[in-house]
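Working notes, structure below.
This one's a predicted model, so the numbers in the text were calculated from it and none came from an experiment. As the structure lists them, so they are numbered: ligands from 1, and atoms in each ligand from 1. Along the sequence shown, the residues carry numbers beginning at 1.
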Amino acid sequence: MTQDNSKLTIAVFAGDGIGPEVTAPCVELLTELTKSLGGPTLEFEALAAGAGHYQATGEALPQTSLDRAAEADAILLGAMGDPDVRYPDGTEIVPQIDLRDYFELYAGVRPVTTQPGMPVPLADPRGQELDFVIIRESTEGLFAHRGEAEETDDSSTDRLTITRAACERLFDFSFELARSRKARGGSGIVTCVDKANVLQSMGFFRRMFDERAAQYPDIERRYMYADAAALALVKQPWVFDVMVMENLLGDILSDLGAGLMGGLGMAPSADIGPGHAVFQPCHGTAPDIAGSGKANPTAMFLSGAMMLDWLGERHDSPQLREGAEIFRSAVDTAFRDGALKPTELGGSDGLEAITARVRAEMQAALAAR
Ligand code: ATP
């Protein structure tokens, strides 16, 4: 981490497919924004990793990139991987998962927020004003032993691991988040999502949840089995405040959350650890649209805003916090009243149109300060 608070370094893994396409305008907008605000300036350092890099060098995530990322104040990531480029065992190149392990990024934060006028699938007006957060445990669960399946000709067995240490920090993070949301008008509820009715490991997860919940008497605790949670997310997602779950469940249900926001191109995320954090859109590299100009950069922009928030807290910078607010509002205003309809929702607005509109709204907000 930089000692000099006037200049912060951001490690950038643009990655593969549409990763570099959505990362470039995000870096431009973040640069323009932070320069205008007069607080800390951001210096971006491009780092190599991903499927393309693996193809070229035989390495998916070089140690030099990891070392540079470790030194940085935050990590911004586009998307990495390519279904056609695989390790010899047939699995995909996923350095983003390796980063979670390396930096112990235990809390995958997936906000599901919509604004009236945004192109969302739920017709109910309450579905157009969603504001809840999915917390996905991101270092263990069913991903803990990936690549180590016990496999014979007749079967393949993966293992699911839940540890006390990971649970404690995960649940503390979730209850603290609910508490800070409650201070800003949130309902102060954490829902533990699991399959405790079937899997012993998930029963342990729930017991750990109860243990930590005892420390937060001001926050209501609720429980829901994952299948029921999937149904509720479609039928009445507005009942949720903070949801917390195991890695694979979070992987799946956060894509459902992205769907409620209008698509993967709308959904941001942050992976937070004790000393580092990675900010990236929920989507993958979308090879089907790479190079076509159809990529929606909104998820990347909102991830950039989450990064400003996080940096603003860590470095106690009102300018960075204001920057996060301006960036988010610029996105909201750009989409208001159906002004933009991304191609993934059947509209005709792609990378350039969405970027231009968000930039214009951002510049107007800066001019009006
Ligand atoms: P991964 O396994 O790497 O997470 P994925 O299987 O979830 O990836 P994505 O690459 O995210 O797949 O793409 C899923 C679908 O969503 C594709 O049809 C893609 O075109 C679309 N999509 C994803 N991101 C965007 C975006 N930013 N803009 C427009 N469409 C997108």
Side-chain angles (χ1 to χ4, degrees), residues 13-27 29 49-55 60-61 76-87 90-100 105 108 110-112 118-121 134 136 138 142-143 146-147 247-271 278-306 331 334-335 340-358:
F13 289 102
D16 307 296
I18 63 167
E21 297 173 27
V22 295
T23 305
C26 185
V27 168
L29 293 184
H53 191 73
Y54 176 77
Q55 238 176 350
L61 180 57
L76 195 61
L77 195 151
M80 297 200 249
D82 179 337
D84 294 331
V85 181
R86 291 177 183 253
Y87 291 119
T91 58
E92 280 193 46
I93 314 289
V94 282
Q96 58 276 33
I97 299 182
D98 301 325
L99 284 172
R100 289 175 199 152
L105 309 177
R110 313 289 170 91
V112 181
M118 275 195 173
V120 298
I134 293 176
R136 164 187 176 183
S138 298
L142 203 47
F143 284 38
R146 64 186 192 285
N247 207 339
L248 183 73
L249 295 182
D251 186 26
I252 297 166
L253 293 183
S254 61
D255 266 28
L256 206 167
L260 295 172
M261 295 176 74
L264 281 168
M266 302 298 288
S269 84
D271 290 315
V278 173
F279 299 86
Q280 65 174 115
C282 281
H283 61 75
T285 53
D288 54 331
I289 55 162
S292 70
K294 289 182 180 169
N296 178 359
T298 307
M300 187 79 219
F301 294 166
L302 293 173
S303 304
M306 289 175 82
V331 169
F335 277 90
L340 284 172
K341 190 152 189 214
T343 55
E344 65 180 325
L345 288 154
S348 58
D349 294 312
L351 188 72
E352 261 185 46
I354 297 173
T355 302
R357 206 165 167 110
V358 172

Should you measure from each heavy atom of A295, which atoms of ligand 1 turn up under 4.0 Å away?
28 (N)

Looking only at heavy atoms, which two atoms of I93 and A60 are closest? And how far apart?
CG2-CB, 3.5 Å

Please state which protein non-hydrogen atom is closest to atom 27 (N) of ligand 1 and give its distance, to 0.1 Å?
N296 O, 3.0 Å

Any idea which protein heavy atom is nearest atom 14 (C) of ligand 1, and the distance to it?
L264 CD1, 3.7 Å

So, the side chain of Q96 versus the backbone of M80: is there a donor-acceptor pair under 3.5 Å, distance only?
yes

Looking at every non-hydrogen atom in both residues, tell me the closest pair between S269 and S303 and how far apart they are.
N-OG, 3.4 Å

Shortest non-hydrogen contact between G250 and S254, atoms and distance
O-OG, 2.6 Å

Which heavy atom in P297 sits nearest to a heavy atom in V22, and how many Å separate them?
CA-CG1, 3.7 Å

Are any non-hydrogen protein atoms located under 4.0 Å from atom 29 (C) of ligand 1?
yes

Ligand 1 to T285 polar contact by distance, N or O atoms, under 3.5 Å:
yes

Mind checking whether G284 has an N or O less than 3.5 Å away from an N or O of ligand 1?
yes

If you scan protein heavy atoms around atom 21 (C) of ligand 1, the nearest is A286 CB, 4.5 Å

4.0 Å protein heavy-atom contact status of atom 6 (O) of ligand 1, strictly under
no

Which residues satisfy the ring pair (Phe, Tyr, Trp, His ring centres under 6.0 Å) test with F301, sequence neighbours excluded?
F327

Does R136 qualify as a cation-pi partner of F143, given the criterion of NZ or CZ under 6.0 Å from the six-membered ring centre and within 45 degrees of its axis?
yes

Nearest 0.5 Å, what's the CG-OG1 distance between L29 and T355?
6.5 Å

Near H283, which atoms of ligand 1 are under 4.0 Å from a heavy atom of that residue?
11 (O), 23 (C), 24 (N), 27 (N)

For ligand 1, which atoms sit closer than 4.0 Å to a heavy atom of G265?
26 (C), 27 (N)

For R146, is there an ion pair with D98 - N to carboxylate O distance below 4.0 angstrom?
yes

Atoms in ligand 1 with a heavy atom of I289 nearer than 4.0 Å
20 (O), 28 (N), 29 (C), 30 (N), 31 (C)

Shortest protein contact, atom 19 (C) of ligand 1 (heavy atom only)
D288 OD1, 3.5 Å

Please check if a non-hydrogen protein atom sits closer than 4.0 Å to atom 2 (O) of ligand 1.
no

Residue, atom and distance of the protein heavy atom nearest atom 25 (C) of ligand 1 read I18 CD1, 3.9 Å

